[in-house]
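Input: a single structure, listed below in structure tokens.
Just so it is clear: chains get the letters A, B, ... in the order the sequence lines come, proteins before strands, and each one is counted from 1.
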There are 2 protein chains.
Amino acid sequence: MAAPDSRTLADQAFERLQTAIVKGDIRAGEKISEAELSAKFGFGRGPLREALHRLEGRGLIVRKAHSGARVVALTFEELIELYEVRESLEGMAIRLASERMSQEEIDDLKRLMDIHAEQIKEEKGLAYYQKEGDFDFHFRIISGSKNRKLSNMLTGELYHLLRLYRYRLSTFSGRPEKAFHEHWRIIEALEERDGDLAELLMRRHISAARNNLIRKYRDGELQL
Amino acid sequence: MAAPDSRTLADQAFERLQTAIVKGDIRAGEKISEAELSAKFGFGRGPLREALHRLEGRGLIVRKAHSGARVVALTFEELIELYEVRESLEGMAIRLASERMSQEEIDDLKRLMDIHAEQIKEEKGLAYYQKEGDFDFHFRIISGSKNRKLSNMLTGELYHLLRLYRYRLSTFSGRPEKAFHEHWRIIEALEERDGDLAELLMRRHISAARNNLIRKYRDGELQL
DNA sequence: CAGGAGAAAATTGTAAACAATATGGCTGCG
DNA sequence: CGCAGCCATATTGTTTACAATTTTCTCCTG
């Protein structure tokens, strides 16, 4: 199953650490020592250090000299900042996508949305749409922008950070059918190649999620 | 003059490498070997490697196993992509800034613009405004957004990449008085706390620069 | 003379030993 | 009893040596 793995040990360590952080196996704020990781994952300290440095460059961990590295712990304010950046970037993403996505790609996206809709009806639960469906939708739009830098920033930084809190965020946001409807309106604008409208709707969509977060936090329903 | 330097060698190597890359001492696309850098800067290979890994995480260099690291070389398409991201992010930045900048901060910015204006009149050259003035203006707006994540993405990633090409870009863009006027209109909207208008103007401003770039490139006046 | 196989050289990847620093606990003094 | 300072320990930073891989040059062959 495993390819001969021409990748270097540091590369493998980097990926495993990244997924471990993103999937929550290493909790946010948790301090991680090189020796500990070495024992846990079986890599030498050298490759591990290289991986840690790359993660530091990516902003997923913070290090302090002679003290150790910890997974970033977002404050509530930083989480909101992330949503502001998301609103901006995904707004641009769909603007570009409405110029650059082919009709086939749009049709594909619509089919995918139909599948998700059925799964909602079959009562596999709205929770499902919350997680995978929402992610699929946004991911396709981002790819559709055909802007690699934009995609990297969104999926390679913001989303990794957001995923750190996804399990806590996804459980409650509690507006799945509304979100589903908004997704469809965005797709309509996309198909009509109306970039202005699509951007407006997307920004409202993300802005609504952010406001929802703020409200929940003020009500004490959201712990960070 | 030098503080006792509580920073680690790797930190120092990181900074020196980053400035060397940004300032053009190491040219874009140039391949850099660890031994070479070690001799040039006087750091051991260990700290250098750590610095390189962090730069890799930041996207300023790309590495290939057993082959070496090279400074990123942007294609023209990637440069345009950068401007698209900039338009989006700086649009959001000034929208936030028009809500969050204090009147004193705005006054400061206006004073700064006046100083730049005088320097233009004194014929220290429009070229000056091109470089420092433009940078100051955008930097203040970005700071004014009071969004650290946004600021980091803009100044810590995009601008470093753009600076790689600044000397080639700044020489010609050739619309300094127009840019100066646009800056003032943006500040007016900012002072009126009209976030919608400010964002619109900022996006047009950056979009115009991008289109200018595209035109020059098509005319063969811009080499990458 | 062109092209490819193979070996040598150069470069990076990995590991291990050593040094420097921060952290935490202990002791002694106020 | 509490706090300050010091010492022990654990952790990271740095260096050095070694292994693996890629690249390049050379030489042989068609």
Excluding sequence neighbours, so at least two apart, what forms salt bridge (charged side-chain N to carboxylate O under 4.0 Å, His left out) with [X]?
X        : answer
B:Glu36  : none
B:Asp25  : none
B:Glu157 : none
B:Glu30  : none

**Request:** Go through the structure and list residues passing side-chain hydrogen bond (donor to acceptor under 3.5 Å, both in side chains) with B:Glu77, not counting sequence neighbours.
**Result:** none
**Prompt:** For A:Lys146, what residues pass the side-chain hydrogen bond (donor to acceptor under 3.5 Å, both in side chains) criterion, not counting sequence neighbours?
**Reply:**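 Counting only residues at least two positions away or on another chain, A:Lys146 forms a side-chain hydrogen bond (donor to acceptor under 3.5 Å, both in side chains) with A:Glu105.
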d([atom1], [X]; [atom2], [N]) in whole Å:
X       : N      : atom1 : atom2 : result
A:Asp11 : C:dT12 : CG    : P     : 15 Å
B:Leu48 : D:dT14 : CG    : P     : 11 Å
B:Leu52 : C:dG13 : CG    : P     : 9 Å

**Request:** Give a yes or no on whether a salt bridge exists between A:Asp108 and A:Arg111, defined as a side-chain N under 4.0 angstrom from a carboxylate O.
**Result:**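 Looking at A:Arg111 together with A:Asp108, the answer is yes, because their closest N to O distance falls below 4.0 Å.
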**Request:** Only counting residues at least two apart or in another chain, list the ones meeting side-chain contact (heavy atoms from CB on, under 4.5 Å) with B:Arg218.
**Result:**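 Partners of B:Arg218 by the side-chain contact (heavy atoms from CB on, under 4.5 Å) criterion, ordered by chain and then number, come out as B:Ile214.
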**Request:** Report the end-to-end axis angle of the helix from C:dC1-D:dG30 to C:dG30-D:dC1; each axis comes from five terminal pairs, and the value is rounded to 10°.
**Result:** 20°
Below 3.5 Å is the cut-off: list the nitrogen or oxygen pairs between protein and nucleotides 8-13 of chain D, distance only.
unit_1 : atom_1 : unit_2  : atom_2 : d
D:dT12 : OP1    : A:Glu34 : N      : 3.2
D:dT12 : OP2    : A:Glu34 : N      : 3.2
D:dT12 : O3'    : A:His66 : N      : 3.2
D:dG13 : OP2    : A:Arg49 : NH1    : 2.9
D:dG13 : OP2    : A:Arg49 : NH2    : 3.3
D:dG13 : OP2    : A:Arg63 : NH1    : 3.4
D:dG13 : O4'    : A:His66 : NE2    : 3.4
D:dG13 : O3'    : B:Thr8  : OG1    : 2.7
D:dG13 : N7     : A:Arg45 : NH2    : 3.0
D:dG13 : O6     : A:Arg45 : NH1    : 3.3
D:dG13 : O6     : A:Arg45 : NH2    : 3.4

